[in-house]
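Nothing fancy with the numbering, it's 1 onward along the sequence. What you see below is based on every heavy atom in this structure, not just the backbone, and it leaves out hydrogens, waters and symmetry mates. Because the structure is a prediction, the values reported are computed rather than measured.
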Amino acid sequence: SIAALKWVKANIAAFGGDPNNVTIFGQSAGACITAALVGSPVAKGLFQKAISESGAWAGLTAAKMATREDMEKRSVAALDKLGVHSLAELQALPVDQVSKLGRAQGIIVDGWIVPEDQSITFAHGKQNKVAVLLGSNGNEGGSFGPPGGANVTAEAWKAGAAQRWKDLADLGLKAYPAATDAEAKAASSRPFTDGIAWFMHLYTSDQAKVGRPAYLYQFVHTPASAPGETNGGASHASELAYVFNNLEKPREVPDNSDPAVVSKSAPDIKLADQISSYWVNFAKTGNPNGANLPNWPQVARMARNQAFLLDVNSHVGDTMTPEQVALYDALYERDVAKPLGIENWK
């Protein structure tokens, strides 16, 4: 990514572009990479604006950063199980064997591109001073199913609180109470959604603190479904068809919306025009607002449980309850800030 950005910086003027007005953006894992570039000193000056959709550097829902040394040990241990002890043996490994190595290792503190855990970088205001447009979707967790399966009961939800939140179990049950099985099922997919929303708010606020334009959204629109069908609403990646104004295309992450219906739905067409205009305006000027668009205020004018809700009639609104904010504040303090020695991060 950095090599590509250096090429753009050196060559884009020959194609009519402005090397001093570059925007990077990504979604999900791409959003995490984009955020990591905002935090990387090696990327300084290579771009002026960044967009991250449903992902940031690390924290409550994304895996915490680990050192290069630790990740190398994990890789060696995984390869040992497959009888691989050299680079040549790894290169000769069949694809079906490589797939057994497990998940990717995420963003690594390598001492160069990422010199330190970026929660420290952002908390101390050492990140790149670029404008940001950041956010998540209103039902991220709906794409992956509730932990423990769809048949979670109220009794199981309460019984699992200590395992789920450890010493913060009481805060967790205040944030996600469930008196019935239906409420437990609904609550079980919310932590993934709300954890991302909370972290995106932190990221946006960190950019505002260093004096850069910072805009926070939550995509909450339920796309039109085929006749007689329902869908999970604003699930993971569902905003992409609207960002690119490509409603008729198949979805990156399949859901129950119907592109053939969505692309002919007046509310969906209107929203796709709005969202794609916001993104283009931000890339041009660092401000998503423009003619005939609902006004999108910067994050400094919103409460900590709010975002700009992207819907047919977009407006500032709540993304979670005060009790849920309190839970994620406590989780971040316990699991990220305290172990890293970060103070005064709010």
Side-chain angles (χ1 to χ4, degrees), residues 28-29 31-36 38-39 50 52-67 70 106-109 114-127 132 134-138 140-141 144 147 160-177 187-210 214 216-218 236 299-300 302-307 318-346:
S28 194
C32 296
I33 294 170
T34 299
V38 173
S52 282
E53 303 171 31
S54 304
W57 60 93
L60 301 180
T61 51
K64 294 180 179 63
M65 292 186 177
T67 65
D70 285 344
I107 301 170
I108 298 171
V109 180
V114 182
E116 63 184 359
D117 191 299
Q118 290 190 333
S119 287
I120 299 172
T121 303
F122 282 82
H124 293 170
K126 295 185 291 183
Q127 71 271 31
V132 294
L134 313 170
S136 59
N137 292 357
E140 301 275 5
F144 306 102
Q163 180 181 12
R164 193 177 304 115
W165 296 298
K166 302 181 176 64
D167 59 315
L168 299 176
D170 287 345
L171 272 181
L173 290 176
K174 287 180 181 177
Y176 299 103
S188 65
S189 66
R190 289 305 307 178
F192 186 82
T193 297
D194 296 336
I196 293 178
W198 185 95
F199 206 84
M200 299 308 284
H201 198 292
L202 175 67
Y203 177 11
T204 319
S205 297
D206 284 341
Q207 288 307 106
K209 288 176 183 176
V210 296
L216 177 69
Y217 75 86
Q218 187 168 86
H236 190 64
V299 71
M302 300 179 194
R304 292 182 64 240
N305 67 325
Q306 292 185 319
D318 294 352
T319 59
M320 60 183 75
T321 66
E323 291 79 11
Q324 288 161 352
V325 172
L327 171 63
Y328 294 107
D329 282 354
L331 287 169
Y332 185 78
E333 176 66 27
R334 184 191 70 187
D335 297 341
V336 180
K338 190 173 182 179
L340 294 174
I342 299 171
E343 299 178 354
N344 302 317
W345 52 267
K346 287 186 183 178

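Phe199 approaches Ala56 most closely through the heavy-atom pair CD2-CB, 3.5 Å. The minimum heavy-atom distance linking Ala330 with Leu171 is given by the pair CB-CD1, 3.7 Å. Closest of all the heavy-atom pairs between Leu327 and Ala175 is CD2-CB, 3.9 Å. The minimum heavy-atom distance linking Ala123 with Ile342 is given by the pair CB-CG2, 3.6 Å. Across all non-hydrogen atoms, the minimal contact from Ala50 to Thr34 is CB-CG2, 3.9 Å. Ile107 and Ala36 make their closest contact through CD1-CB, 3.8 Å (heavy atoms, listed as atom of the first residue, atom of the second, distance).
Formation of a donor-acceptor pair under 3.5 Å by the His201 side chain with backbone atoms of Ala303 is found in this model. Panel note: side chain Gln163, backbone Gly160; no donor-acceptor pair is recorded below 3.5 Å.
Under a cut-off of 6.0 angstrom, the local environment of CG in Asp167 is crowded, with over 12 non-hydrogen atoms contributed by other residues, nucleotides or ligands. No more than 12 heavy atoms of other residues, nucleotides or ligands lie within 6.0 Å of NZ in Lys174, so this atom counts as exposed by the packing criterion.
A heavy-atom distance below 4.5 Å is found between the side chains of Glu53 and Tyr217. Side-chain atoms of Gln207 and Thr204, non-hydrogen and from C-beta on, never get closer than 4.5 Å to each other. When side chains are defined from C-beta on, Trp198 counts as touching Arg304, because their heavy atoms get closer than 4.5 Å. Leu202 is listed as a side-chain neighbour of Trp345, based on a closest heavy-atom distance under 4.5 Å. In this structure, the side chains of Thr121 and Glu116 come closer than 4.5 Å at one or more pairs of heavy atoms. The shortest side-chain heavy-atom distance between Gln127 and Gln118 does not fall under the 4.5 Å cut-off. Looking only at side-chain heavy atoms (C-beta outward), Thr321 and Asn305 stay at 4.5 Å or farther from each other. With contacts defined as side-chain heavy-atom distances shorter than 4.5 Å, the pair Ser52/Val132 does not qualify.
Here Met65 contributes atom CE and Ser119 contributes atom OG; the two are 6.5 Å apart, rounded to the nearest 0.5 Å. We find the NZ-NZ distance between Lys209 and Lys346 to be 10.5 Å, quoted to the nearest 0.5 Å. Note that CD of Gln218 is 5.0 Å distant from OG1 of Thr319, once rounded to the nearest 0.5 Å. Rounding to the nearest 0.5 Å gives a distance of 9.5 Å between OH of Tyr176 and OG of Ser189. Rounding to the nearest 0.5 angstrom, the gap separating the CG atom in Asp335 from the NZ atom in Lys166 is 7.0 Å. Taking NE2 of His236 as the start and OG of Ser136 as the end, the distance is 10.5 Å to the nearest 0.5 Å.
Taking the six-membered ring where tryptophan is involved, the planes of Tyr203 and Trp57 are perpendicular, since the angle between them exceeds 60° and thus also 30°.
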